Amino acid sequence: MAYIVDMRSDTVTKPTKAMKQAMVNSALGDDVYHEDPTVNALENKIATLLGKQAALFVPSGTMSNLIAIMVHCNKRGSEVIAGELSHIFRYEVGGAAHLAGVMLSNLPNEPDGTFDLKALERRFRGSDIHEPVTSLVAIENTHNVCGGKVLPLKWVDSLSELCQKHNIPIHMDGARLFNACEYLKESPARLVRDCASVSVCLSKGLAAPVGSALVGSYHFIEQARRVRKMLGGGMRQAGVLAAAAVVALDEVVPRLALDHKRAQVLAKVIEGLFLPSFKVDPASQHTNLVLVRIPGESSLTADRVVERLAQVSLSETQGDCKTPNDEGVILKVIQFDAKTIRFTLHVDITDEDLWLAIMKVTYVFKEMDAAAKSK
């Protein structure tokens, strides 16, 4: 059987041995009644880490973001302003509109995940009865579609000043917040200091099996708990899941730098191939995501490259991509758009996995680049 290296996402991670032990031994109660001691411990722990008053454990980041929108925008016809490349806009099934009656208004994202603050201020609405009321600004850190970019702290501080001037709260989709902290060498509390609410994913880079945390003030979380119940997110003996998340905060957060380092190695190897069909910029890569772009004039498309990386040819098993059992390597990655491929480094990728992936990428990219040149 071919050796599989899965770099599609940091959501594919498996619970560690310590997480499994914690899950088996977790103290349990009914969390809807706020009586699960392990969930309570997780919520207290992450609220303290982020310098906020309270937190709420929820099944997913999508639900966490939706709850935040529903609490901040509690009047139908409200408006949230977010970047056009944000996860909330692109990947959350229009939940804000469909379930919350909230309009998502978008600004163009810059390559670093920010957007123009002067343009943002011009977009604030609500004084005219014909307009929706701008009730929230949503930002994303790290920024997924921008390649795991970390928002500059100076920009976040300027955004906060602007939003305070207009009395509009900020929600941070911090699905990979701890990756941003590692890159900036700053505490989570500093990165979210001026955000009224924050969503943190525990099942992406942190490798817990399920869940996100929504963090904010006591009053905000009290309202959020009610919305969670409305959406069907009230879990009962959820301590079996929260226990793994507690371990993730203690065990996985300190080693995120290794994911970043391995991502840099992969990016620099691809850059060093000097292939016209595949472009990567290690200098602009901040965290654990590697975006490889195919020039627009190339006949290659991302879906073809993804498909080829997941196949093993006969020539590979007889050449440089052999594994100890001579069956070759299957490398799983994802297509981001028609000309972009994303590789994600995570806790389950070992040094051996990385070098096998590099052998596979080198072989396939050279093969496909040569084929593209011949056309």
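Note that this is a predicted model, so its numbers are computed, not measured.
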Can you list the residues that meet the side-chain hydrogen bond (donor to acceptor under 3.5 Å, both in side chains) rule with [X], with sequence neighbours excluded?
X      : answer
Asn109 : none
Thr48  : none
Asp337 : Thr340
Ser298 : none

Over all atoms of both residues, closest heavy-atom pair of [X] and [Y]:
X      : Y      : answer
Val361 : Leu331 : CG2-CD2, 3.5 Å
Met70  : Ala100 : CG-CB, 3.5 Å
Met63  : Ser60  : N-OG, 3.1 Å
Asp6   : Ile349 : O-CD1, 3.7 Å
His286 : Gly148 : CB-O, 3.7 Å
Leu249 : Pro254 : O-CD, 4.1 Å

Is any side-chain heavy atom of [X] less than 4.5 Å from a side-chain heavy atom of [Y]?
X      : Y      : result
Leu50  : Leu177 : yes
Leu309 : Met7   : no
Glu352 : Tyr3   : yes

Between [X] and [Y] (side chain of the first, backbone of the second, donor and acceptor by atom type, cut-off under 3.5 Å), is there such a pair?
X      : Y      : answer
Arg293 : Val280 : no
Lys268 : Ala263 : no
Thr350 : Asp353 : yes
Arg304 : Glu307 : no
Lys149 : Gly113 : no
Asp31  : Asp36  : no
Lys204 : Cys201 : no
Glu271 : Pro282 : no
Gln53  : Tyr218 : yes
Gln264 : Gln285 : yes

Apart from Val32 itself, members of its ILVMFWY cluster (side-chain separation under 4.5 Å) are none
Apart from Leu291 itself, members of its ILVMFWY cluster (side-chain separation under 4.5 Å) are Leu85, Tyr91, Val145, Ile334, Phe336
Is [X] atom [atom1] crowded by more than 12 heavy atoms from other residues, nucleotides or ligands, each under 6.0 Å away?
X      : atom1 : value
His34  : NE2   : yes
His166 : NE2   : yes
Arg255 : CZ    : yes

At what distance, to the nearest 0.5 angstrom, does [atom1] of [X] lie from [atom2] of [Y]?
X      : Y      : atom1 : atom2 : answer
Lys229 : Met235 : NZ    : CE    : 11.5 Å
Cys181 : Leu256 : SG    : CG    : 9.5 Å
Asp369 : Phe274 : CG    : CZ    : 13.0 Å
Arg342 : Gln335 : CZ    : CD    : 12.5 Å
Ile69  : Leu104 : CD1   : CG    : 5.5 Å

Do we see a donor-acceptor contact under 3.5 Å between the side chains of [X] and [Y]?
X      : Y      : value
Ser315 : Ser313 : yes
His72  : Ser135 : no
Ser212 : Ser64  : no
Arg176 : Thr287 : no
Asp157 : Ser160 : no

Which residues pass the salt bridge (Lys or Arg N to Asp or Glu O under 4.0 Å) test with [X], sequence neighbours left out?
X      : result
Asp30  : Arg236
Arg225 : Glu43
Lys339 : none

Exactly one candidate in Leu136, Ile168, Asn65 meets side-chain contact (heavy atoms from CB on, under 4.5 Å) with Val80; the answer is Leu136
The single option from Thr344, Asp259, Thr142, Asp10 that satisfies side chain to side chain donor-acceptor pair (under 3.5 Å) with Asn288 is Asp10
For residues 88-116, the salt bridge (charged side-chain N to carboxylate O under 4.0 Å, His left out) pairs (sequence neighbours left out) are none
Those residues at least two apart in sequence (or on a different chain) that pass side chain to side chain contact (heavy atoms under 4.5 Å, CB included) with Ala18 are Thr16, Val247, Glu251
Taking it one step at a time, do Phe220 and Leu56 satisfy side chain to side chain contact (heavy atoms under 4.5 Å, CB included)? CA-CA 10 Å; Phe220 174 84; Leu56 184 68; over 6 Å; no
Worksheet entry | Connected via hydrophobic side-chain network under 4.5 Å: Leu214 and Val246 | no
*asked:* Please determine whether residues Val150 and Leu289 belong to a single hydrophobic cluster, defined as Ile, Leu, Val, Met, Phe, Trp and Tyr linked transitively by side-chain heavy-atom distances below 4.5 Å.
replied: no
Across all chains, not counting sequence neighbours, the ring-ring contact (aromatic ring centres under 6.0 Å, His included) partners of His346 are none
Does Ser105 form a side chain to side chain contact (heavy atoms under 4.5 Å, CB included) with Arg123? I'd like the steps, not just the answer. CA-CA 9 Å; Ser105 182; Arg123 294 285 290 275; 2.6 Å; yes
- prompt: What's the verdict on side chain to side chain contact (heavy atoms under 4.5 Å, CB included) for Phe57 and Leu202, showing C-alpha distance, side-chain angles and the deciding distance?
  reply: CA-CA 10 Å; Phe57 185 48; Leu202 302 160; 3.9 Å; yes
Go through Lys366 and Leu273 one step at a time and tell me if the side chain to side chain contact (heavy atoms under 4.5 Å, CB included) criterion holds.
CA-CA 8 Å; Lys366 286 183 176 180; Leu273 295 175; 4.1 Å; yes
Lys45 with Asp250: basic N within carboxylate O range, under 4.0 Å:
yes
